[in-house]
Protein chains: 2
Amino acid sequence: MATDYEKPDTSVDCVLLTLGEGGLRVLLLPRDKEPFAGTATLIGAYVRPQIDRTLEDTVQRALRDKAGIDGVYLEQLGTFGGAERDPRGWSIAVAYVALIQTSIADEAERRSGVRFERVLVGALPPLPFDHAEIVAAAVERVRAKASYSTLPAFLLPEAFTLAEYKQVVEQVTGRIIDDGAFRKKFDAIPGLVKIEGAKKGGTNSSGTGKRPSQLYRIAAESDRPRMLTRLF
Amino acid sequence: MATDYEKPDTSVDCVLLTLGEGGLRVLLLPRDKEPFAGTATLIGAYVRPQIDRTLEDTVQRALRDKAGIDGVYLEQLGTFGGAERDPRGWSIAVAYVALIQTSIADEAERRSGVRFERVLVGALPPLPFDHAEIVAAAVERVRAKASYSTLPAFLLPEAFTLAEYKQVVEQVTGRIIDDGAFRKKFDAIPGLVKIEGAKKGGTNSSGTGKRPSQLYRIAAESDRPRMLTRLF
DNA sequence: GGAATAGTGTCTTTGAGACAATATCTA
DNA sequence: TAGATATTGTCTCAAAGACACTATTCC
């Protein structure tokens, strides 16, 4: 034991992001305890030294226990601490971003009975504590990294087309990218590889796509996004 | 009070960086307590809810009390937590980077009697805890931001020449930049402004510079680095 | 063949880098 | 005026964006 002073409460909070109608969505769950019981919030947990060995352990435990989600891509976002952020007093929250594909969220709901509130990041309801600020930071981070890393791939299924990847980048950054330009860059991205085989149906809205398109996947050896020098 | 579980120790650690012979240097101080008493370490302090209102308060307090340094530019770096990093048990350290000009460090030493160990970031001695990892992250951060923000200005005196700024960028990034190219970009950087007046002596090693050069300073309204889209 | 999307090629413009030329100071 | 650094201008090359063109599939 290292100090005689009172210690702040320490927790983690996870901004769970996925794609949905209209773009990037945060997955929220109703709080089960006071204060703000019943209100939709980020998924979090207190750090429990007896159970967790690392901070990421705490996050994975929270996701597993509260959301039925296992082993996803995590990125530390920042730490929010102070006397004001929680009405109960001084607290520290280490915030993380998690990116999952939509089907994982669907499965989790089916298997563990949870019901996510999936809200567009641009239309957040009022959130308790400083969770609105945390979500804003998460969106900012994802937006930035969408342009210079392979992070968007973590929002997509294992196999995805170039058009789908492009659509994610466009949705997240809000910029429309020229198809030719995108394709040139895309081919050169390390960390993404072609899968031999094509895909039917196309990615368009009408559903009745014509020419099938090449599928890609994240290179096996990289379970985290590859950093690159400005792509799009 | 929010949990019945034991809480981890929570502290902040500050990577205090400055320029010196050979480039970027970390300022370390000998620890005054066990474990590792006497060993050079980062400047840190336990979070004290009774004293501090925010995490930055804790950092500023540590810098003031232990290093005699006041009100510097701070940037949160990341949070390091887990069961292994401190032999005393589970702990969390929120790490910050602080950039100061050399003269501030000199003054602090003169006024408060502390003696910094100023080590080149490329030649660190063995550091206790996970401080080596924290320093590495800090250097990485500064290196990256040197190219797309006005962060290097925080390592320089209030007034500096273009050549001095360029030298910082080169020292930090390790790349040599063409003078003409640098100048074109530099002129366009918002957040830096000309001071009407020149400077004698030049910036060269021989000391006997010839033509004086224009001085610049950080624009008054910005006490933090301006983010830009890739400069150098 | 027509419709619709996938993928390629080309042209133009922009900007970075290399480097030459000029400017301004001190001694 | 010589020497040294500051500052500007010009040329070249490569990448980015716009956009036209070809390819492949389903109906």
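All values derive from a computational prediction rather than experimental measurement. Residue numbers begin at 1 in each chain, while the letters A, B, ... track the order of the sequences.
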Fill in the blank from the handout: B/I177 CD1 to C/dG15 P, in whole Å, measures 18 Å
Practice task
Using atom CD of B/Q167 as one end and atom P of D/dA6 as the other, report the distance to the nearest whole Å.
Solution key: 10 Å
Exercise for the section: Rounded to the nearest 0.5 Å, what's the gap from NZ on B/K66 to OG1 on B/T41? Could you check? Expected result: 7.5 Å
Exercise for the section: Assess whether one donor atom and one acceptor atom, taken from the side chain of B/R211 and the base of C/dA23, lie less than 3.5 Å apart. Expected result: yes
Completion exercise
When rounded to whole Å, the CG to C1' distance for the pair B/L162 and D/dT5 reads 12 Å
Practice task
Taking ring pair (Phe, Tyr, Trp, His ring centres under 6.0 Å) as the test, write out the residues that go with B/Y216, two or more places apart.
Solution key: B/F186
Problem - Global bending angle along the helix from C/dG1-D/dC27 to C/dA27-D/dT1, which compares the axes of five pairs at either end, to 10 degrees - result: 0°
Fill in the blank from the handout: Across all chains, not counting sequence neighbours, the side chain to side chain donor-acceptor pair (under 3.5 Å) partners of B/D106 are B/R118
Exercise for the section: Report the distance from atom OH of B/Y165 to atom P of D/dA6, rounded to the nearest whole Å. Expected result: 17 Å
Practice task
Please report, rounded to the nearest Å, how far the C1' atom of C/dA16 is from the OH atom of B/Y148.
Solution key: 20 Å
Handout entry: NZ/NE/NH1/NH2 to OD/OE distance under 4.0 Å, B/R183 and B/D187
Key = no
Problem - With B/F160 via ring pair (Phe, Tyr, Trp, His ring centres under 6.0 Å) - residues at least two apart - result: B/Y165
Distances under 3.5 Å only, N/O to N/O: pair up the protein atoms with those of nucleotides 8-12 of chain C.
from   : atom 1 : to     : atom 2 : distance (Å)
C/dT10 : O4     : A/K184 : NZ     : 3.0

Completion exercise
So the ring pair (Phe, Tyr, Trp, His ring centres under 6.0 Å) pairs with at least one residue in residues 97-129 of chain A (sequence neighbours excluded) are A/F36-A/F129, A/F129-A/H131
Problem - Rounded distance in Å - CD1 (B/I176) to P (C/dA18) - result: 11 Å
Handout entry: Nucleotide nearest B/Q214 when distance is taken to its side chain, options C/dC25, D/dT25, D/dT7
Key = D/dT7
Problem - Cationic N near anionic O, under 4.0 Å, A/E75 to A/R141 - result: yes
Exercise for the section: Could you verify whether a donor N or O on one side chain and an acceptor N or O on the other, from A/E56 and A/T54, lie under 3.5 Å apart? Expected result: no
Fill in the blank from the handout: In short, A/S112 meets A/G68 closest at the heavy-atom pair OG-CA, 3.9 Å
